[in-house]
Amino acid sequence: MSDSQGMNKNGSYVDQPGADEEDIVNPWEVSTHSAKGVDYDKLITRFGSTKIDDALIQRIEKATGKPVHHLLRRGIFFSQRDMEMILDVYEKKQPFYLYTGRGPSSEAMHMGHLIPFIFTKWLQDTFDVPLVIQLTDDEKFLWKDLTLDETNHLAFENAKDIIACGFDVEKTFIFSDLDFLTNSPAFYRTICRIQKLVTYNQVKGIFGFSDSDSIGKISFPAIQAAPSFSCMFPEIFSGRTDIPCLIPCAIDQDPYFRMTRDVAPRMGCLKPALLHSTFFPALQGAQTKMSASDPNSSIFVTDTDKQIKEKINKYAFSGGGATVEEHKATGGNCEIDVSYQYLTFFMEDDKRLEEIRKTYASGELMTGSLKMELIEILQKLVGEHRQRRAEVTDDMVRQFMKPRKLKYDYPPVESKK
Ligand code: TRP
């Protein structure tokens, strides 16, 4: 497994947007011609990451003494880099930390946005480690038609939805780039060290930037890379620069971290480890894109019970037969059925899910009943989220966003770099 797999001889990645007929997967675009969605096995080969296999899952279960989260068990988190290193560290009772983030481009968050946070919450509970969450209001200012005040405000509002996922304030630091950069010398210093090591040619190769992209965009990847290094958070890690980082994220964010892993050894830093997820499909099917501006493309955390019911019934793409007779004769296709896909994300009960899969595929279970089960689960999840979100005050957000030491102690190490 090498990070340089897929690189051409200039050190850039050949996996450029639009380079061929293959699926397009980068931080700004995800598209495929297949109704089944992106070919994730091919993506692993192209990106040079490693498939999460049964042996790794068993090792996680053995190390933690707990069954793994269903998102891991069901292959929704399907790819990794250096997870073995994190388990080595954990088994030796040495520290590591978690890093994830969100680009605050809209107030409306949909269920797909919550997936990495739901999983990260499980990781935090299971491994009992610090977590840093980056809100890239600077990124969204650079890329979208939004003012700095708007993206900064969205960061604050999105933080409430993130906090509502249940994170522990004693273990979690949430920061907006715009706010934290102005009072953290270590943040800017880490960025400068990264910027010095990446050429324009390399970012062009990795991200597909063109000569007409703003220099803000071109320098942004260093800002997303920086939190992968513990030296960026002297408040949390007492100046320790040797604490390894694990990043749970959707696989479209991988280009940032290929770049990060490439520069890490030259900075005398550890490469961050990664756990990659697949994408959450739009209601209309894995081929179409969910968009925060199209309320019918997904279930939003603000949807009412009635909206959830109507959207699933009306818009969730069905893999079932066109008529009852046809469905009974040929059965449903779970691979393209969005309601079934959503159940794999949200139904916890493995046995029931397997029963649904079998009976739907055989034609015994109708699309309407399948949708009903999904509607109930979503109404419950969204309802609980709505309640927790309402309890998050501005003051709580400020507590999470205050640069500070967390509940973990980091005694200095003598032979460190
Ligand atoms: N660029 C990400 C987005 O647009 C936000 C982000 C920043 C992020 N740092 C991250 C996502 C680390 C995952 C992991 O959503």
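Residue numbers start at 1 and run along the sequence shown. Read the numbers this way: they start at 1 and go in the same order the structure lists the ligands and their atoms. Only this structure's heavy atoms are used, side chains among them; waters, hydrogens and symmetry mates stay out.
Here A226 pairs with F187, T190, I191, I194, M232 under the side chain to side chain contact (heavy atoms under 4.5 Å, CB included) rule; sequence neighbours left out. For K309, the side chain to side chain contact (heavy atoms under 4.5 Å, CB included) partners are N313, I375, Q379, not counting sequence neighbours.
Within the structure, ring-ring contact (aromatic ring centres under 6.0 Å, His included) pairs that include any residue of residues 230-250 comprise Y97-F237, F175-F233, F237-Y410 (at least two apart or interchain).
Residues F317 and D337 have side chains not in contact (no heavy-atom distance under 4.5 Å, counting atoms from C-beta outward).
The pair E354-R357 meets the salt-bridge criterion, with a side-chain N (NZ, NE, NH1 or NH2) lying under 4.0 Å from an Asp/Glu carboxylate O.
Heavy atoms of other residues, nucleotides or ligands lying less than 6.0 angstrom from NZ of K144 number 12 at most.
For ligand 1, the protein residues placed under 4.0 Å by at least one non-hydrogen atom are Y99, T100, G101, R102, G103, Q134, T136, E139, K140, Q224, I247, C249, Q253, F257.
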